[in-house]
Amino acid sequence: MIRLSLKKTLLGSLGKFVLEIDFTIQENEFIAIYGKSGSGKTTILRMIAGLEKPEEGFITFKDIVYFDSKKKIHLPPQKRNVGFVFQNYALFPNMTVLENLEYAAENHRKNQIEELLELLDLYQLKDRYPNALSGGQQQRVALARALVRNPKILLLDEPLSALDPFTRTRLQEEIRKIHKYYQLTTILVSHDKPEVFKLSDRVLILEDGKICNVGKPQEVFLNRRTSGKYSFIGTIIDIKTVDVIQIITIETKGEIIEVVSSENNFSVGEQVLVSSKAFSPMIIKI
Amino acid sequence: MEKIFSNVDFTSFFLSLKLAFFTTILLLFISIPISYFLAYAKFRFKAFLEAFISLPLVLPPTVLGFYLLIFLSKNGILGSLWERLFGNPLIFRFEGILIASVVFSLPFMVHPLTAGFRSVNKSLIEASYTLGKSKLTTLFKIIIPNIKYSFITGIVLTFIHTVGEFGVVLMVGGSIEGETKVISISIYDAVESLDYTTAHVYSGILLIFSFLILLFVYLPNK
């Protein structure tokens with residue numbers, strides 16, 4: 001169980017704001033922190049990892065105190081045993097895939113490397129240097145490297161934002177698999193609703209440094225406006241007006257579908273939820 | 001042919017190389033902590049330290065040499081300490097010009113290294129920390145191997161700058177054969193005594209040597 005109560009003044013694009021959060025994460029839970037860029041999501045992860053120091057508050061993991069401003073405790077990142085996957089992967093360019101993992105491993109964990117190479121399908125790539133890998137492959141190495149030390153907490157900072165939809169979907173499945181297999185407590189920072197929807201047990205919506213909503217992704221994102229029998233999230237790529245109705249083309253995971261709507265307040269690029277009511281599909285803004 | 005080389009003595013050339021070699025080695029060790037500190041630490045008087053280190057770039061070598069002469073002389077702080085410890089003076093000695101060269105070439109090593117340290121992606125360093133590695137391990141296993149080129153630049157610039165040194169060495173070391181008479185001083189001496197042939201030989205060697213070293217730096221950069 002991770003308990004957090006943090007306060008820190010951040011400098012956003014619209015000036016200073018205070019990041020102030022207070023929440024508890026259960027063991028083996030998959031939590032997503034969702035919010036616009038600059039809302040303080042990444043800072044939360046960095047504070048848990050020890051890369052940034054909160055002004056006030058505490059962070060505890062089980063009975064270990066990571067940070068406590070009152071007791072003046074601030075464990076350095078080296079002592080927190082947290083797996084951190086950076087947005088830009090942060091693979092060491094001077095080392096091969098295998099060397100990246102070996103660098104991370106303590107001596108007694110060498111067999112863990114073999115297991116991770118197999119699990120993440122990296123065995124053939126083990127002697128390559130990071131710059132000879134695709135984005136998805138680099139991401140898998142970063143994930144494997146974060147896991148070598150057997151952390152109990154896995155922190156993912158927008159890990160899939162730079163990948164194409166196909167690779168993204170595949171990696172989402174792998175992240176979910178790893179989360180279960182290693183019984184991790186995972187915190188994912190993302191601004192991608194479908195991703196949060198797919199992966200997390202609970203989502204925490206962050207706005208201007210404050211938590212404005214917490215709950216299961218279905219509850220938080222769908223607001224219980226639909227039956228939930230069948231629904232998916234997509235992006236509007238085209239809108240054609242025909243008489244009084246609109247034919248809206250929606251892209252979802254590489255598939256393209258057309259939906260008819262009588263409302264005309266949609267715009268291209270918007271994310272929408274497509275679900276069915278009675279028999280015909282309907283789309284709702286999210 | 002024999003006539004051309006009649007007054008040529010390679011002692012001063014080797015002395016220059018020896019001076020440059022030791023200066024570079026010493027500066028490498030001194031500059032790693034200084035540059036690391038300048039690149040990553042935040043402190044109030046950083047600008048003062050940076051300005052101080054860069055002074056040799058702008059000061060006339062005679063000014064620097066003059067202060068070093070005072071500092072290294074028998075009555076100077078370092079000179080007197082050295083004499084008490086080792087029993088010999090620093091002025092007009094190889095050790096003296098070595099210390100002077102280290103001071104004089106300091107920015108040529110510190111600047112490329114600091115720029116290199118600053119260029120390392122911060123997340124690489126942070127990734128290393130989250131993987132349980134200390135600052136020292138991170139420095140030697142991650143940071144330094146990724147800025148090899150900055151190190152090569154620093155080493156070459158320092159080396160070549162020391163080989164080409166004149167004013168400071170003359171002020172502190174004078175012109176003692178085999179001890180402080182480096183190649184640039186030999187050229188000066190040759191011209192002074194109107195021995196242009198020898199001056200030509202020394203200058204030519206130095207010109208080709210410097211060019212080849214710089215070429216070695218720029219070639220892989222293509």
Side-chain angles (χ1 to χ4, degrees), chain A residues 42-43 45-53 66 74-96 99-109 112-113 129-131 138 141-151 153-159, chain B residues 28-29 31-33 35-44 46-47 109 112-156 216-222:
Chain A
T42 300
T43 309
L45 284 199
R46 292 175 57 82
M47 289 195 286
I48 297 172
L51 297 171
E52 232 161 287
K53 199 172 168 182
Y66 279 2
H74 178 63
L75 276 193
Q78 287 91 339
K79 294 204 172 136
R80 299 199 184 191
N81 199 15
V82 159
F84 200 116
V85 177
F86 290 81
Q87 193 171 4
N88 63 358
Y89 319 135
L91 298 177
F92 306 128
N94 56 318
M95 299 178 185
T96 63
E99 285 165 352
N100 262 278
L101 300 189
E102 278 173 348
Y103 177 74
E106 308 290 316
N107 292 331
H108 54 277
R109 290 216 197 285
Q112 181 103 355
I113 293 178
Y129 282 92
N131 61 10
Q138 289 188 30
V141 178
L143 201 57
R145 192 183 64 184
L147 294 168
V148 172
R149 282 162 49 83
N150 240 355
I153 305 170
L154 180 63
L155 305 174
L156 307 167
D157 185 10
E158 308 245 6
Chain B
L28 199 56
F29 286 105
S31 302
I32 290 175
S35 302
Y36 185 88
F37 194 60
L38 283 178
Y40 300 127
K42 284 181 194 141
F43 57 100
R44 276 173 77 185
K46 196 164 170 175
M109 187 66 96
L113 295 196
T114 308
F117 281 137
R118 283 192 182 133
S119 74
V120 173
N121 196 326
K122 215 177 141 215
S123 61
L124 288 186
I125 299 168
E126 290 180 340
S128 179
Y129 292 169
T130 63
L131 296 169
K133 303 301 174 211
S134 67
K135 286 189 172 177
L136 206 63
T137 309
T138 306
L139 174 65
F140 286 105
K141 292 274 174 68
I142 305 299
I143 300 174
I144 292 178
N146 281 305
I147 52 165
K148 265 186 235 146
Y149 198 76
S150 302
F151 272 83
I152 294 174
T153 308
I155 288 169
V156 169
F216 162 77
V217 177
Y218 286 113
L219 268 184
N221 199 20
K222 255 185 80 181

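Labels below follow one simple rule: chain letters A, B, ... track the order of the sequence lines, proteins then strands, and each chain is numbered from 1.
Neither the backbone nor the side chain of B:Lys148 comes within less than 4.5 Å of any heavy atom of chain A. Contact of A:Tyr89 with chain B is not made at all, since no heavy-atom distance falls under 4.5 Å. Neither the backbone nor the side chain of A:Leu155 comes within contact range of chain B, judged by heavy atoms closer than 4.5 Å. In this structure, chain B has heavy atoms under 4.5 Å from both the backbone and the side chain of A:Asn94. Contacts of A:Arg145 with chain B are made by both backbone and side-chain atoms, with heavy-atom separations under 4.5 Å. Contact of A:Phe92 with chain B is made through backbone and side chain together, with heavy-atom distances under 4.5 Å.
Within a 6.0 Å radius of CZ in B:Phe43, other residues, nucleotides and ligands contribute more than 12 heavy atoms. Within 6.0 Å of atom NZ in B:Lys46, more than 12 heavy atoms from other residues, nucleotides or ligands are found, so the atom counts as buried in its surroundings.
Most heavy-atom pairs under 4.5 Å with chain A, from the set B:Ile142, B:Asn121, B:Ile125, B:Thr137: that is B:Ile142.
Rounded to the nearest 0.5 Å, atoms CE (A:Met95) and CD (A:Glu102) are 10.0 Å apart. We find the CZ-CG distance between A:Phe86 and B:Leu124 to be 9.0 Å, quoted to the nearest 0.5 Å.
Classified by interplanar angle (parallel below 30°, tilted 30° to 60°, perpendicular above 60°), the ring pair B:Tyr40/B:Phe117 is tilted.
A pairwise comparison of heavy atoms in B:Lys133 and B:Thr138 identifies O-OG1, 3.7 Å as the closest pair.
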